[in-house]
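So that the names make sense, note that chain A is the first sequence line, chain B the second, and so on, each numbered from 1. Since the structure is predicted, the reported quantities are computational estimates derived from the model, not experimental observations. Values below: all heavy atoms of this structure, side chains included; hydrogens, waters and symmetry mates excluded.
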Amino acid sequence: MKILIFDNYDSFTHNLKALIRKAVKDADITIKRNRDLSALDEEFDVLVISPGPMTWKETGLLTDLFEKTVIPEKKPVLGICLGMQFIAGYFGYEITACKKPLHGSAVNVMHNSDPLFNNIPESFTAARYNSLGLEFAEDMEDGPLEMIAFEEGSGSVMAAKHVLFPIAGFQYHPESFLTEYGETLIKNFMEIYAHNK
Amino acid sequence: MRITNKNISEIKIAWNLELLFSIADRFSGVCLFTSADDNNRGRNIVCINPVIKMDSPEKVDTVLKENSDMSSEFPLVAGYISYDYKDKLEEPGLYSDKHDHMFPEFRFAVYEYYIIAENSNKDSLKLITLEFDSSHIKADPDTFFSRTVETEHREPVTKYSDTSLDKLHFEQGVRSIKNYIKSGDIYQVNLTRKISGTTNIEPLDLALRLKDSNFIEFGVFANIDGKYIISTSPERFFQIREGILTSEPIKGTIRRSSDTKRDDLNLSNLMKSRKNMAELAMIVDLLRNDMNKVCSEVKVTGFPLSMKLKNVYHLYAGIEGKLNTDSFTDIISALFPGGSITGCPKIRACQIIEELEPEGRGPYTGNYGYICFNGDMDFNIMIRTLLYDKGKISFSVGGGITLLSNPEEEFEETIHKAKNIYDASCMEEIWEERYCLTGR
């Protein structure tokens, strides 16, 4: 299976690659940086959007890639941190300053038993590295994304998936050594969205 | 040029670091040293008379290949990479051309002679002699161990000249970084400032005054074409032994107390600090990332760990991985510069450093170390490092800035970190530093 990691000049991209390689046996992984024009011509089965600095609008060619390939071809997309923020921003949600910015700290995440969290306890430990994010609001339920996990306490959105497209984002860092069930999460995503067993 | 022969002899002589430094001083050499602890572990290496010089990682790889028959622990290729070399190892256009030109940016060499002195054996040392396939300037080993007696005794004076960021500007820098963190640019940035002065103390004496200032895990005294790098680094960047790459980043230090209860309390406070723990977690994830570029099976072997030294406790973590390459170029491109002195994400952190620090860092926060022909390597992080050129000295101090940082405390911390160097160089009291009257 061909996996394209779209790298936003991040320092955790290779951890993500190592995690995917562990979770997906036949993974053929390519990393392209977000300014690299050749990313637009790359063939792939799954797109993974890396974390990264700055805001979801400063992700180079990512919007172009969505418009050229991802949306027309309904490609599966897994977004991490900035990657989730891009997904939310792209589909019209507002990314704001977090109630509680954290970098390198573990928090408790609660999920709503969405299949993406199969074999993961309802509450688990996960690392956060973000100042910006998606805060829960009542009118969110009308939008195209379903919020499927939250941070205990603050209630900030920790995971969201599109209701029609095979697109899901995670605000926490499954690739961090502080996070539990990172490998299970990747396996679930690939199994459900890319039919990879 | 190739190495054609290697001789090892044992020399019965009572040695100390002063002798080793003086040999490095007299023969364009370098002494890599480790403070002796209670168990006398660690060893010191002096490299004498550089013969094959290399100015890029690719040239290091060529020399390693051409001499692969030397595949044992000694001889070795010793040298350093300046922090400013980072733009040569990244995509062009990411960094500005802010460079400090006091020292060459990349300098490694194969030397004619090597001395190995184990801290556990103060009465003898090993001398390794190399021969090469073409002619070169030779050093005379008969003069290595005959020390000239110093006669001149001057009152040591070091005058303060400048700081690259005074209190006002340093604290503004801390505030800018906190704003960058809030707006999502970055998780952490290491901000440093350079202090410069003039001195009448000879570099060898400066090194001798500094060598006992703290526990030195990986120290350096190097004579580079008449300029000197004196590093009293407590921090190792990475080590490679038999294909296993390990790194033990330190984040957080606390003084020890002679009172047992107080000492225990200090340690437990260190282990409880939220700021330290988050910084350590971040550097562990960052190092895992960099190691994953050239290793498989990268794992965290300890988090958090505490290290008990004579004067201080350090908070640190252990990470290791199985190396997939023997190319020095690949390894250093993956790891350099060390995440503990940049911030995270690394590239954006380096860009913010260029914006906020008025000068290039030069060798400071680069790495000094060695590469063996069997693939083993060992590198420090050049912090607590004094640079010397014809009576001019400079050294830099700084810290990791996070959202939890207080600007005044961070500046105060830089003075605290500079104290050992101030004391050792007899730098005059610089109360302007503290009260921000440097005329900027």
Side-chain angles (χ1 to χ4, degrees), chain A residues 5 7-22 29 31-36 50-60 81-82 85-86 89 95-98 100-107 125-133 171 173-179 182, chain B residues 90-91 93-94 178-189 251 274-304 317 319 321 334-335 339 342-352 400-404:
Chain A
I5 301 182
D7 172 29
N8 294 298
Y9 291 86
D10 192 44
S11 285
F12 299 149
T13 306
H14 287 267
N15 291 340
L16 202 50
K17 183 182 174 185
L19 180 66
I20 295 170
R21 184 172 283 157
K22 219 164 130 188
I29 308 171
I31 296 178
K32 295 275 183 191
R33 281 181 164 175
N34 70 23
R35 305 200 292 203
D36 184 347
S50 87
M54 301 186 284
T55 66
W56 74 270
K57 289 178 180 162
E58 294 159 287
T59 47
C81 190
L82 183 68
Q85 292 169 21
F86 176 88
I95 301 301
T96 56
C98 297
K100 194 175 77 178
L102 277 182
H103 311 89
S105 294
V107 298
T125 304
R128 269 189 54 199
Y129 287 95
N130 65 305
S131 298
L132 307 177
Q171 178 58 66
H173 285 247
E175 81 289 353
S176 170
F177 79 105
L178 292 175
T179 298
Chain B
E90 249 307 341
E91 181 186 311
L94 286 178
K178 291 180 73 171
N179 284 332
Y180 274 128
I181 296 171
K182 283 181 199 147
S183 60
D185 272 62
I186 206 82
Y187 318 139
Q188 175 180 339
V189 176
K251 275 289 166 200
R274 263 180 61 216
K275 181 176 187 279
N276 283 342
M277 215 53 91
E279 281 189 67
L280 187 65
M282 192 176 325
I283 180 69
V284 166
D285 269 336
L286 178 48
L287 269 164
R288 285 175 61 231
N289 180 75
D290 292 351
M291 287 166 64
N292 265 318
K293 296 178 197 171
V294 284
C295 294
S296 50
E297 295 170 47
V298 174
K299 54 179 186 252
V300 179
T301 51
F303 173 93
I319 313 155
L335 302 176
T342 60
C344 187
K346 198 194 271 184
I347 293 172
R348 187 71 190 114
C350 291
Q351 289 172 336
I352 292 173
I401 311 302
T402 71
L403 213 46
L404 303 174

message: I need the A/Arg33 CZ to A/Thr13 OG1 distance, nearest 0.5 Å.
response: 8.5 Å
Using non-hydrogen atoms only, which part of [X] is less than 4.5 Å away from chain A: side chain, backbone, both, or neither?
X	answer
B/Leu286	both
B/Lys182	backbone
B/Glu297	neither
B/Phe303	side chain

- prompt: Hey, does the side chain of B/Arg348 reach the backbone of A/Tyr9 with a donor-acceptor pair shorter than 3.5 angstrom?
  reply: no
field: Any donor-acceptor N/O pair, A/Ser50 side chain to A/Asn8 backbone, under 3.5 Å
entry: yes
message: Quick check on the interface: out of B/Val300, B/Asp185, B/Leu403, B/Thr402, who has the most heavy-atom pairs with chain A under 4.5 Å?
response: B/Asp185
query: Would you call the rings of A/His173 and A/Tyr129 parallel, tilted or perpendicular, where under 30° means parallel and over 60° means perpendicular?
result: perpendicular
field: Taking every non-hydrogen atom, the tightest pair across A/His103 and B/Ala278
entry: O-CB, 3.5 Å
Which answer fits [X], side chain, backbone, both or neither, if we ask what part of it has an atom under 4.5 Å from a heavy atom of chain B?
X	value
A/Arg35	side chain
A/Thr55	side chain
A/Gln85	neither

- prompt: Is the closest side-chain heavy-atom distance between B/Val284 and A/Phe177 below 4.5 Å?
  reply: yes
